[in-house]
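For reference, the structure is listed below as structure tokens.
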2 protein chains.
Amino acid sequence: MITTQERELPSPASIRAILDQVTSKWSVMILIFLCDKPQRFNALKRNLDGITQKALTESLRRLERSGLVVRRVIPVSPVAVEYSLTPLGISLKDPFLALYQWSMKHRTTVERAQAAFDARP
Amino acid sequence: MITTQERELPSPASIRAILDQVTSKWSVMILIFLCDKPQRFNALKRNLDGITQKALTESLRRLERSGLVVRRVIPVSPVAVEYSLTPLGISLKDPFLALYQWSMKHRTTVERAQAAFDARP
DNA sequence: CTGAATCCGAATCGATACTG
DNA sequence: CAGTATCGATTCGGATTCAG
């Protein structure tokens with residue numbers, strides 16, 4: 001029997017809820033790009049190569065909702081919107097960078113494993 | 001124009017494909033549990049508290065396909081199946097532990113940020 | 001015990017069009 | 001420029017059933 005009462009360990013489900021926010025579709029890539037400097041909507045869109053407006057909007061909302069990203073409207077014409085990391089967002093930099101570098105390092109290994117798996121009898 | 005030819009940097013899309021495998025729904029939690037020791041299907045299911053058979057099966061398949069997990073059938077009766085990490089899977093331990101610990105540490109902060117966001121006018 | 005197969009409604013996706 | 005609205009397509013999730 002697993003309980004969370006009186007324990008400092010939260011339930012797996014509640015941790016996974018957090019992980020879900022943080023590892024959702026474009027989150028890692030967006031955070032990585034925002035680490036460099038605050039960026040505007042279309043700058044992110046260009047960098048992310050392949051993301052749709054809708055997906056980018058939704059991802060940024062989710063990150064904003066979780067307190068990782070700040071959305072700042074700059075009242076010029078036409079309107080500019082700049083996204084930047086909060087301190088909480090910055091605290092994810094190291095873990096995300098580790099994930100990102102892992103992905104770069106092991107990309108071809110993973111791709112080969114997948115191809116081999118798919119070619120199985 | 002972005003190309004990947006002759007560059008050591010893969011395209012964002014190809015990196016995200018890898019990240020998707022690795023950060024997909026239950027991956028982090030499964031890998032964390034498998035770090036301790038190889039485990040059987042139902043042991044994982046119990047530990048993961050809330051996962052369905054289908055989701056666990058699919059997650060394990062995905063991890064196996066990407067070369068992170070090995071599935072070993074132990075021919076006893078009734079049949080036992082043990083899942084364990086490959087060296088590649090083990091190499092994810094540190095990044096995932098970092099993510100996991102971040103989630104535990106900042107869980108309440110994130111939850112409060114979400115509640116505040118949702119309560120906005 | 002460890003799954004595979006199926007069904008079905010819900011959620012998500014991508015493309016397109018439109019707006020301040 | 002930075003979105004919102006909409007719609008059809010695909011995928012996903014959970015429940016159930018069956019099998020080696």
Side-chain angles (χ1 to χ4, degrees), chain A residues 12-14 16-17 19-30 33-34 37-66 69-84 114 117-118 120-121, chain B residues 11-13 16-17 19-30 33-34 37-66 69-84 114 117-118 120-121:
Chain A
S14 105
R16 237 214 58 258
L19 282 171
D20 267 0
Q21 299 297 318
V22 143
T23 65
S24 62
K25 190 155 186 184
W26 294 88
S27 302
V28 175
M29 297 302 284
I30 292 177
F33 281 120
L34 287 182
K37 58 177 188 300
Q39 299 203 43
R40 291 172 51 174
F41 188 86
N42 277 352
L44 282 170
K45 187 166 179 340
R46 272 190 302 279
N47 281 333
L48 287 170
D49 159 51
I51 196 171
T52 63
Q53 278 180 346
K54 186 184 179 181
L56 181 54
T57 299
E58 289 168 349
S59 296
L60 288 169
R61 282 289 172 285
R62 185 168 39 239
L63 295 172
E64 189 192 2
R65 174 170 182 265
S66 297
V69 155
V70 170
R71 176 177 183 272
R72 186 166 71 94
V73 178
I74 307 171
V76 296
S77 175
V79 73
V81 181
E82 186 187 77
Y83 292 91
S84 56
Q114 293 176 346
F117 185 95
D118 295 344
R120 286 188 330 184
Chain B
S11 72
R16 238 217 56 259
L19 282 170
D20 266 0
Q21 300 296 316
V22 144
T23 65
S24 60
K25 189 153 187 186
W26 296 88
S27 303
V28 175
M29 298 301 285
I30 292 177
F33 281 120
L34 287 181
K37 58 177 188 296
Q39 299 205 43
R40 291 174 51 174
F41 188 84
N42 276 352
L44 283 169
K45 185 164 180 341
R46 272 189 304 277
N47 282 332
L48 288 170
D49 157 51
I51 195 171
T52 63
Q53 278 182 347
K54 186 186 182 182
L56 180 54
T57 300
E58 288 170 348
S59 295
L60 288 168
R61 281 291 169 285
R62 185 168 41 241
L63 294 173
E64 189 192 2
R65 174 170 181 266
S66 297
V69 155
V70 170
R71 176 178 184 271
R72 187 167 71 94
V73 178
I74 306 171
V76 296
S77 176
V79 73
V81 181
E82 186 187 77
Y83 293 91
S84 55
Q114 293 175 346
F117 185 95
D118 295 344
R120 285 189 329 184

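In the text below, chain A, chain B and the rest are named by the order of the sequence lines, each starting its count at 1.
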Set of side chain to side chain contact (heavy atoms under 4.5 Å, CB included) partners for V79(B), sequence neighbours left out: V73(B)
Distance in angstrom units between E64(B) CD and dT2(C) C1', rounded: 14 Å
For atom CZ of R61(A) and atom P of dT12(C), their distance in whole Å: 16 Å
For chain B, the stretch of DNA chain D it reaches, first to last nucleotide, under 4.0 Å of its heavy atoms: dG13(D) to dG20(D)
Protein-nucleotide distance (L56(B), atom CG; dG3(C), atom C1'), rounded to Å: 10 Å
Identify each atom pair where a protein N or O and an N or O of nucleotides 17-20 of chain C are less than 3.5 Å apart, giving names and distance.
none

Along DNA chain C (nearest heavy atom to each residue), the more 5'-positioned of G50(A) and F41(B): F41(B)
Gap between atoms NZ and P, on K45(B) and dA4(C) respectively (whole Å): 15 Å
Minimum side-chain heavy-atom gap L60(A)-W26(A) below 4.5 Å: no
L44(B) CG to dG3(C) P, straight-line distance once rounded to whole Å: 10 Å
T23(A) side chain reached by L19(B) side chain, heavy atoms, under 4.5 Å: no
Side chain to side chain contact (heavy atoms under 4.5 Å, CB included) partners for A17(B), two or more places apart: none
Those residues that, when tested against E58(A), pass salt bridge (charged side-chain N to carboxylate O under 4.0 Å, His left out) (two or more places apart): none
With sequence neighbours excluded, residues passing side chain to side chain contact (heavy atoms under 4.5 Å, CB included) with R62(B): Q21(B), S24(B), S59(B)
Closest to side chain of K54(B), choosing from dC7(C), dC13(C), dT2(C): dC7(C)
Non-neighbouring partners of Q53(A) that pass side-chain hydrogen bond (donor to acceptor under 3.5 Å, both in side chains), sequence neighbours left out: none
With Q39(A) via side-chain hydrogen bond (donor to acceptor under 3.5 Å, both in side chains) - residues at least two apart: N47(A)
Phosphate-side-chain proximity, R71(B) and dT2(C), N/O vs OP1/OP2 below 4.0 Å: no
Degree of bending, the helix from dC1(C)-dG20(D) to dG20(C)-dC1(D) (end axes from five pairs; round to 10°): 50°
Length of the CZ-P vector between R72(B) and dG3(C), whole Å: 13 Å
Residues that R40(B) engages under salt bridge (charged side-chain N to carboxylate O under 4.0 Å, His left out), provided they are two or more places apart: none
Set of residues satisfying salt bridge (charged side-chain N to carboxylate O under 4.0 Å, His left out) with respect to R71(A), sequence neighbours excluded: none
Separation of dT12(C) C1' from I51(A) CD1 (nearest whole Å): 14 Å
Atom-pair distance (CG on D49(A); P on dG14(C)), nearest Å: 13 Å
Partner set under side-chain hydrogen bond (donor to acceptor under 3.5 Å, both in side chains) for N42(A), not counting sequence neighbours: none
